J.: 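My questions all concern the structure below.
If you're wondering where the values come from, they're calculated on a predicted model, not measured in any experiment. Throughout, protein chains are lettered first and strands after them, A, B, ... in sequence-line order, and every chain is numbered starting at 1.
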Amino acid sequence: MNTKKNLVVIGNGMVGQHFLAQLVASSIKDDYTITTFCEEPRVAYDRVHLSAFFSGKTADDLSLVETNFFENNNIRLLLGDKAAKIDRTTKTITSAQGHTIAYDKLVLATGSYPFVPPVPGHDRPQCLVYRTIEDLEAIAAAAAKSKVGVVVGGGLLGLEAAKALKDLGLKTHVVEFAPRLMAVQLDEAGGALLRNKIEQLGVTVHTNRNTQLITDGEACLNKMCFADGEELETDIILFSAGIRPRDDIARACELEVGARGGIVIDNQCKTSDPDIYAIGECALWNNMIFGLVAPGYAMARTVVADLANQSASFTGADMSTKLKLMGVDVASIGDAHAKTPGALIYTYQNGELEIYKRLVVSPDKKHLLGAVLVGDASSYSTLLQYCLNGIQLPAQPDSLILPSLNAEPVGLGPDALPNSAQICSCYDVSKGDICQAVAAGCHTVGALKAATKAGSGCGGCAALVKSVLNSELTKQGVEVNTDLCEHFAYTRQELFTLIKVEKIKTFNDLLDKHGKGLGCEICKPTVASILASNWNDFILKTEHAPLQDTNDAFLANIQKDGTYSVVPRIAGGEITPDKLIVLGQIGKKYQLYTKITGGQRVDLFGARVEQLPLIWQELVEAGFESGHAYGKSLRTVKSCVGSNWCRYGVDDSVGLAIELENRYKGLRSPHKIKFAVSGCTRECAEAQGKDVGVIATETGWSLYLCGNGGMKPRHADLFATSLDKDTLIKYIDRFLSFYIQTADRLQRTSVWMENMAGGLDHLKAVIIDDSLGLCNQLEAQMQHVVATYQCEWKSTLADETKLKRFRPFVNSAQSDPSIEFIEERGQIRPAEPSPHKHFKILEVAQ
Amino acid sequence: MIQWQTLCNLDDIPADSGICALVDAEQIALFYVSKLQAVFALHNYDPFAKAHVLSRGIIGDISGEPVVASPIYKQHFKLTTGECIEDSTVKIPSYPVRINGQHIEINITHA
């Protein structure tokens, strides 16, 4: 007989899913038969990072549900069905599709809906909201035929939505009813600074604006009319004017709801019916709705504990937030508005760097009550820990926000935090939890994330997690070694700086000054690459040649049998019939195996070392250049045929691809770099799988960065849209130079970006906003490389001494007798190597 | 019978690189390490790749021991003895070699 009780959850959003995950991980998971409603067509996804949908993340990427979660945990999922009615007498729920489900315990996680002000015309075409993936799809579709977009609401979510509109290439406005942006979190000065910064990014901000009517526009689809008589024409209107709890199902069954909405709950998250709980944004606790995910998660945990008869209470939540809005750091902690009687206020404002910081301190100056940070939120973690843990402030509290003149970092080291200190508020991970995980063997941020989930919610605590990790590792005596190899006690980035600043031109010079020993196959090619990126000498100059991997040393790709393959450059994949014939003739003459590569060129295999100069002599005479297939350098710029021929083409992708390939050919980098250009959004060149991908749109070029195929494919991120060609090339110049300066050895752009603190936003800040003041130098470095390009094969053929390297034997003109081919499918291939038979007959003279 | 035979001149080997010489149908890799002012000779055959390629490897040191790294799969072989650092059961032949004036001379005896 089934003794299990029925537990039903209404709503599979972030909080509903968190509740299920906590429940199945608890001791009571087998006590219940679990059913969950999910009204949306897809299970829980990450609404906090919803805007990532526009930078290339798919619905799957945003999903919060592990594969087979429902099957593996025997949870009945009613996808796309809505709970229509609760009958508390019979304890049953009727769904919109007519199912009746009995419950013993019921959890309401119905969430909220976006508030749309009841302005006449609010339901006109292209008047949208920003809440679900379907909303985003509607926004993207509308944006494709629009030029102007307005976000109504200058709060946190509104600014996030404005960023999305801007990224979609629209002229963007924010209309706010209050006198400042982010009125809930920021004070007047902080709001003013934020407004300033956002307007610099090209978003127009209108505050104190009360929309009265939306009607037909003249230049645009819609026109907004304000109370002060002003008007604003726009194609799209996005309402982001706050949320309202979805409490209709609770009202209908006469649960207690608040005067302004929200299902009333107690400290155990129970509604007025003790068998029904409410959690997340639909719940009203102490007359408050919590519109953040962390309090919702805390409620979910409380309900799991209560069901397990453990004492637990939800007693409110910290509403501190830190986020990056359009590249601007904004943070608000605790009592930001200094509502505590007698609170002391300290402010620091820097007009030049556009930074604003404000501390709210208890009257006895001992404790931090709140803070506002705009422009620089690097002290957020430290201040939050002071605030949450009641840590006593230094004698001069303002030292925490004043610039440190003696360059000593002011901050709270991880050692100063108690073990109970909450590090990750999204998943309630304490410092103690992290220390325990480190002791159990998690020695990287990735491993810690997997074990504790710390840092995998909003990501705001990532830096703190890393500093706790490093401090614990140091305590355990684990050395974090980032040396390039045993010959250089530096990272690649540090060596790059040394070489650049000290103008070091050779490996031996660097080894004498900063290294030891003879070097090795790690540091030699790495340094050769850095020297080439900086000075762009011919890589086979006498002092550089011994540093090169065999591929670079012989300007061809070594194969398993010691022969080489030859890949001439075919920029953009465009080749004349005459040149194609030359390739065919050479392949035939030297009996090479020929194959088409993935990068739209021809690879000729089976060339002996002594044949390479002969083959290249013919290639150079026919107008070919080295393809650099052998180098850690730009490989190819793949293209589709583009607007010259294709009936869907929007722009000349082949022309741009050829220009880009000729610009960056020969550039040495930490790893190979691949580009592609597509002439329209059908994306036949697969640009979103490349380090640098460019796609033509009606409004200009879209730039995608940091994708790759290979072992661990990564979809590139949308970096900028509607670019003209000059801006596009400027951004790519800066991007490549920055990558070459800062990446580790053999680190593709994808991994480089993922490991970068601040990720894509930081990269945008550096490249678009010049946040590090580096852009001039980055462009100059690229300009030098572009201006000093040489075809490495042409240079080699012109130098007798270089050609001596291509003799198979120093003392004989014979060719290597050990190389043998057999025939397969009409071409050559290496004969299977036979075990070496000569070792026995050779003996060393005694 | 012991005999030294001249294979090439010292300046035929680019500093800190390897080249290959043919000695009675055997391929011998010669390496010149400029810091040590020394020439080393190993068989050119890489038993892991099963190809004659070691003269094209990068030379360097591991904890002070001069080595060449295979250009195919990067195993290290000691220039002095031919022992493989990664797999002590593998050893390739090494040969006495000397710099005599400008000449590089090697000492190989046939069985």
J.: Do you know which of B:Asp46, B:Val53, B:Leu22 has the most heavy-atom pairs with chain A at a distance under 4.5 angstrom?
T.: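 Of the options given, most contacts go to B:Leu22.
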J.: Around atom NZ of A:Lys503, are there more than 12 heavy atoms of other residues, nucleotides or ligands at under 6.0 Å?
T.: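 No, the 6.0 Å shell around NZ holds no more than 12 heavy atoms from other groups.
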J.: Show the nearest heavy-atom pair for residues A:Lys560 and B:Ala51, with the distance to one decimal.
T.: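 In terms of heavy atoms, the two residues are closest at O-CB, 3.6 Å.
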J.: Where do A:Gln559 and B:Ile72 come nearest, in terms of heavy atoms and distance?
T.: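 Heavy atoms of A:Gln559 and B:Ile72 come nearest at O-CD1, 3.5 Å.
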J.: If I measure from the heavy atoms of chain A, does B:Val67 come under 4.5 Å with its side chain, its backbone, both, or neither?
T.: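 Neither part, no heavy atoms under 4.5 Å.
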J.: Mind listing the closest non-hydrogen atom pair of B:Arg56 and A:Gly562 along with its distance?
T.: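 Closest approach of B:Arg56 to A:Gly562: NH1-O, 2.9 Å.
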J.: With sequence neighbours excluded, what pairs up with A:Asp816 under the salt bridge (Lys or Arg N to Asp or Glu O under 4.0 Å) test?
T.: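 Testing A:Asp816 for salt bridge (Lys or Arg N to Asp or Glu O under 4.0 Å), a comparison that skips the adjacent residues, returns none.
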J.: For the CG atom of B:Asn44 and the OG atom of A:Ser818, what is their distance to the nearest 0.5 Å?
T.: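 If we round to the nearest 0.5 Å, B:Asn44:CG and A:Ser818:OG are 8.0 Å apart.
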J.: So which heavy atom on B:Lys35 is nearest to which on A:Gly517, and how close?
T.: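 It is NZ-O, 3.5 Å.
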J.: State whether the side chain of B:Asp61 and the backbone N or O of A:Leu518 hold a donor-acceptor pair below 3.5 Å, judged by distance alone.
T.: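 Checking the backbone N and O of A:Leu518 against the side chain of B:Asp61, a donor-acceptor pair under 3.5 Å is found.
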J.: Going by an N to O cut-off under 4.0 Å, is there a salt bridge joining A:Asp549 and B:Lys74?
T.: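 Answer for the salt bridge query: yes.
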J.: Kindly compute the distance separating CZ (A:Phe809) from SG (B:Cys8), expressed to the nearest 0.5 Å.
T.: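 Answer for the CZ-SG pair, A:Phe809 versus B:Cys8, is 13.5 Å.
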J.: Check A:Pro546 against B:Ala15 and note the closest heavy-atom contact, atom names and distance.
T.: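 Minimum heavy-atom contact is CG-O, 3.3 Å.
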J.: Can you tell me if B:Gln37 has over 12 outside heavy atoms packed within less than 6.0 Å of its CD?
T.: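 Not buried by this count: 12 neighbours or fewer within 6.0 Å.
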J.: Please flag which part of B:Pro71 lies under 4.5 Å from any non-hydrogen atom of chain A: side chain, backbone, both or neither.
T.: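 Contact with chain A: backbone and side chain both.
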J.: For the pair A:Arg805 (side chain) and B:Ile19 (backbone), establish whether a donor and an acceptor sit closer than 3.5 Å, ignoring hydrogens and angles.
T.: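 Such a contact is absent between A:Arg805 side chain and B:Ile19 backbone.
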J.: Need one label for B:Ile62: side chain, backbone, both or neither, based on atoms under 4.5 Å from any heavy atom in chain A.
T.: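 For B:Ile62, heavy atoms of backbone and side chain both lie under 4.5 Å from chain A.
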J.: Between A:Pro808 and chain B, which part of the residue has a heavy atom less than 4.5 Å away: side chain, backbone, both or neither?
T.: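 Contact with chain B: backbone only.
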J.: What option among A:His487, A:Lys804, A:Arg807 has the most heavy-atom pairs under 4.5 Å with chain B?
T.: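 Most heavy-atom pairs within the cutoff with chain B belong to A:His487.
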J.: Which atoms of A:Glu543 come close to chain B, meaning under 4.5 Å heavy atom to heavy atom: side chain ones, backbone ones, both, or neither?
T.: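 Interface part for A:Glu543: neither.
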J.: What's the separation between atom CG in B:Leu30 and atom CG in A:Asn811, rounded to the nearest 0.5 Å?
T.: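 Interatomic distance, B:Leu30 CG to A:Asn811 CG, rounded to 0.5 Å: 8.5 Å.
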J.: How close do B:Leu7 and A:Val810 get, counting heavy atoms only, and between which atoms?
T.: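 Heavy-atom minimum between the residues: O-CG1, 4.4 Å.
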J.: Using non-hydrogen atoms and a 4.5 Å limit, figure out which bit of A:Glu521 sits close to chain B: side chain, backbone, both or neither.
T.: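 Answer is both: backbone and side chain atoms of A:Glu521 are under 4.5 Å from chain B.
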J.: Using the salt bridge (Lys or Arg N to Asp or Glu O under 4.0 Å) criterion, which residues pair with B:Arg98? Sequence neighbours excluded.
T.: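 B:Arg98: salt bridge (Lys or Arg N to Asp or Glu O under 4.0 Å) contacts with B:Glu105.
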J.: Between B:Ala21 and chain A, which part of the residue has a heavy atom less than 4.5 Å away: side chain, backbone, both or neither?
T.: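 Both parts, backbone and side chain.
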J.: Please determine whether a side-chain nitrogen of the Lys or Arg among A:Asp561 and B:Lys50 lies less than 4.0 Å from a carboxylate oxygen of the Asp or Glu.
T.: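 Judged by the 4.0 Å cut-off on N to carboxylate O distance, A:Asp561 and B:Lys50 do not form a salt bridge.
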J.: In this structure, are over 12 heavy atoms from other groups packed under 6.0 Å from A:Gln591 atom CD?
T.: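 For A:Gln591, atom CD is not crowded (no more than 12 foreign heavy atoms under 6.0 Å).
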J.: Please look at B:Ser63 and chain A and tell me whether the side chain, the backbone, both or neither of the residue comes under 4.5 angstrom of a heavy atom of that chain.
T.: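 Contact with chain A is through both the backbone and side chain of B:Ser63.
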J.: When you look at B:Ile58 and A:Gln548, which way does the side chain to side chain contact (heavy atoms under 4.5 Å, CB included) test go after all the steps?
T.: CA-CA 7 Å; B:Ile58 289 180; A:Gln548 311 295 349; over 6 Å; no
J.: In terms of heavy-atom proximity below 4.5 Å to chain B, should A:Leu547 be classed as side chain, backbone, both, or neither?
T.: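 Just the backbone, heavy atoms under 4.5 Å.
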